[in-house]
Amino acid sequence: MLDMKFIKENVDVVREAIKNKREKADIDLLVEKDNKRVEIVKDLDRLRAEKNRLSKNVRNLRKGSAEFTDNINKSKEIGIEIKELERKVRELKDEIYKSSLWIPNIPHSSVPVGDATANKIMREWGKKKQFGFTPKSHVDLINDLGLIDFERGAKISGTHFPCYVGKGAKLERALINFMLDYHIEKQGYTEMFPPFLNNRETLTGTGQLPKLEEDMYYVGKDDMFLNPTAEPPVTNFHRNEVLNEDELPIKYTAYTACFRREAGSYGKETRGLKRVHQFNKVEMVKFTKPNESYNELEKLLNDAEDILKALELPYRIVLLSTGDMTFASAKTYDIEVYAPGSDDYLEVSSVSNFEDFQARRMNIKYKSKADGKLHLVHTLNGSGLATPRTFIAILENYQLPDGKIKIPDVLLPYMGGMEIIE
RNA sequence: GGAGGGAUGGCUGAGAGGUCGAAAGCGCGCGACUCGAAAUCGUGUUCAGGGCAACCUGACGAGGGUUCGAAUCCCUCUCCCUCCGCCA
């Protein structure tokens with residue numbers, strides 16, 4: 001959510017952002033409504049002031065006197081008028097609030113304008129491995145080695161709900177634990193293990209709602225949603241709080257299962273692990289002071305990259321264009337890992353600065369020592385990393401000529417001594 | 001699911017129809033003391049809207065009601081806590 005004052009003073013900037021982000025929102029109607037609101041509030045304030053004067057004065061009047069009854073009658077009349085205006089203001093505020101939830105965040109000036117083709121590759125890391133043979137796809141490796149049972153996963157739940165088995169399950173768990181430990185021990189994040197079900201307020205706070213309601217799994221009986229990423233529960237941890245400036249930046253990391261309908265996004269990614277309804281992800285979330293958030297964004301990106309470096313997987317950093325980034329983000333980097341089996345780059349992480357967009361929705365502030373006032377914090381998050389495509393990258397990059405998989409060195413302690421998956 | 005208790009400023013916690021935006025303590029800011037710090041003393045410190053200065057208005061979980069006047073009385077809802085039951 002944007003500040004209404006800012007919107008009114010920068011209508012063109014907001015309009016441009018809506019256009020560049022391919023969103024639809026009637027900014028003119030919103031501004032008109034808020035102007036109307038202000039007009040009514042002015043009338044209301046005037047009436048209230050008058051009524052307060054009368055109420056104070058009534059005690060100086062002799063009970064039963066003409067002035068006394070006159071005062072009370074006038075006060076009652078004004079009271080009726082006030083109630084009517086209050087009702088109007090409440091309605092308007094409600095409409096304004098609901099509309100403003102559909103105004104996207106404004107992209108940072110460093111973000112390229114355009115659709116996905118305007119995305120900018122910032123840098124690449126690592127060397128693509130040269131195989132002396134034709135590398136297999138992860139689907140074949142998974143099936144040949146029996147790491148994931150897609151058919152039985154579909155039997156249990158439905159298609160695109162993979163069921164990891166045996167060494168596959170172990171590798172998945174190793175990956176999660178390795179990433180968590182890395183963020184906690186090497187990068188100073190505080191571990192969190194949040195609930196997987198989120199209420200509406202939580203998902204509105206981080207901006208998934210109202211826009212993405214159809215993309216989430218909904219538990220109607222309790223009006224809750226399975227979390228699509230750890231971002232909502234972890235960021236909302238501090239909803240409606242005033243944070244201590246000395247504690248900023250606050251850094252959390254959390255593993256959660258993530259649930260997404262992925263409606264209408266099939267095509268050629270119907271097989272394997274590239275796009276699934278339930279997957280595992282380790283997420284990092286930061287709360288920072290406003291002037292530090294872009295510096296923290298770069299650090300967050302580096303923290304995510306460190307995981308791929310430790311796993312020795314080649315990747316590249318992509319700066320997303322205005323049309324490709326999410327509703328709430330001001331600037332987003334994607335990290336794409338190289339998968340030789342399909343000779344393709346796969347998105348494994350998305351690292352974003354939301355500035356104060358989410359904080360305003362969630363009402364998260366800190367008290368500044370500089371001016372003694374409350375200010376909204378900036379929130380950031382990044383995956384570190386999503387496991388399915390990391391899993392793919394490990395299999396495809398670490399496959400041996402005989403179809404076995406060599407375990408990356410950093411995962412060895414988590415694999416109970418297993419060095420080769422066969 | 002049943003029975004009680006509660007929701008007040010950054011935090012803890014008083015207040016029980018007008019003198020309450022709200023005692024006190026903590027925290028924080030500023031000043032004094034100090035080589036410096038701690039401690040101590042003094043002093044300041046809620047948030048939001050409108051003019052954007054004086055000032056006006058609103059907010060004591062949310063909404064509604066009673067009253068000239070509500071943090072304070074009544075109703076509805078939400079959330080939290082305790083006990084019992086149920087499930088694990």
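Just so it is clear: chains get the letters A, B, ... in the order the sequence lines come, proteins before strands, and each one is counted from 1.
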Distance check, [atom1] atoms only: [N] and [M], in whole angstrom units.
N	M	atom1	result
rG27(B)	rA38(B)	P	12 Å
rA59(B)	rG5(B)	C1'	26 Å
rC47(B)	rA22(B)	C1'	13 Å
rU66(B)	rA16(B)	P	24 Å
rC74(B)	rC79(B)	P	22 Å
rA70(B)	rG58(B)	C1'	14 Å
rA32(B)	rG50(B)	P	38 Å
rG17(B)	rC87(B)	P	47 Å

Could you state the atom-to-atom distance from [atom1] of [X] to [atom2] of [N] in whole Å?
X	N	atom1	atom2	value
Ile96(A)	rG49(B)	CD1	C1'	12 Å
Glu245(A)	rG10(B)	CD	C1'	13 Å
Tyr366(A)	rG10(B)	OH	C1'	14 Å
Ile82(A)	rG58(B)	CD1	C1'	12 Å
Glu77(A)	rU67(B)	CD	P	16 Å
Leu92(A)	rG58(B)	CG	C1'	17 Å
Glu86(A)	rA70(B)	CD	P	11 Å
Arg46(A)	rG50(B)	CZ	P	17 Å

Pairing check on [N]: which nucleotide meets the Watson-Crick or G-U wobble criteria with it, both distances under 3.5 Å?
N	result
rC52(B)	none
rC77(B)	rG61(B)
rG18(B)	rC68(B)
rC83(B)	rG2(B)
rC28(B)	rG44(B)

(request) Inspect the contact between Glu91(A) and Arg87(A) and indicate whether a charged nitrogen and a carboxylate oxygen are less than 4.0 angstrom apart. (result) yes
(message) By nearest heavy atom, map Val41(A) and Arg53(A) onto RNA chain B; which one lands nearer the 5' end?
(response) Val41(A)
(message) Nearest heavy atom decides the nucleotide; on that basis, is Lys8(A) or Asn244(A) closer to the 5' end of RNA chain B?
(response)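 The answer here is Asn244(A).
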(request) For the pair Tyr252(A) and Phe287(A), name the ring-plane relationship: parallel under 30°, tilted 30 to 60°, perpendicular over 60°. (result)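 Aromatic pair Tyr252(A)/Phe287(A) classed perpendicular.
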(message) Once you measure the plane-to-plane angle for Phe193(A) and Tyr255(A), does it fall in the parallel (<30°), tilted (30-60°) or perpendicular (>60°) bin?
(response) perpendicular
(request) State whether the distance check finds a donor on one side and an acceptor on the other, under 3.5 Å, for side chain Asp45(A) versus base rG58(B). (result) no
Base, sugar-phosphate, or nothing: which does [X] touch, judged by heavy atoms less than 4.0 Å apart?
X	answer
Leu374(A)	sugar-phosphate
Lys5(A)	sugar-phosphate
Asn52(A)	sugar-phosphate
Arg37(A)	sugar-phosphate
Lys93(A)	nothing
Lys74(A)	nothing
Ser75(A)	sugar-phosphate
Lys369(A)	sugar-phosphate

(message) Just N and O in the side chain of Lys51(A): are any of them under 4.0 Å from OP1 or OP2 of rG69(B)?
(response)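 Yes, Lys51(A) has a side-chain N/O under 4.0 Å of OP1/OP2 on rG69(B).
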(request) Check whether any side-chain N or O of Lys76(A) sits under 4.0 Å from OP1 or OP2 of rC68(B), and answer yes or no. (result) yes
(message) Please check: side-chain N/O of Asn199(A) versus main-chain N/O of Asp223(A), any donor-acceptor pairing under 3.5 Å?
(response) no
(message) Whether Lys251(A) engages the ring of Tyr189(A) as a cation-pi pair (distance to the six-membered ring centre under 6.0 angstrom, angle to the ring normal within 45°) should be assessed.
(response) yes
(request) Would you kindly check if the NZ (Lys) or CZ (Arg) of Arg200(A) is within the cone defined by 45 degrees around the ring axis of Phe225(A) and under 6.0 Å from the six-membered ring centre? (result)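 So Arg200(A) doesn't make the cation-pi contact.
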Residue [X], side-chain heavy atoms: nucleotide from [options] that is nearest:
X	options	answer
Val242(A)	rG10(B), rC56(B), rG51(B)	rG10(B)
Arg48(A)	rU57(B), rG50(B), rG69(B)	rU57(B)
Lys367(A)	rG10(B), rC56(B), rA48(B)	rG10(B)

(message) Would Lys274(A) and Leu346(A) count as a side-chain contact (heavy atoms from CB on, under 4.5 Å) here? Give the steps.
(response) CA-CA 8 Å; Lys274(A) 283 188 188 170; Leu346(A) 308 175; 3.8 Å; yes
(message) Within this structure, what is the CZ-CD1 distance for the pair Arg239(A) and Ile364(A), rounded to the nearest 0.5 Å?
(response)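 Those atoms lie 8.5 Å apart.
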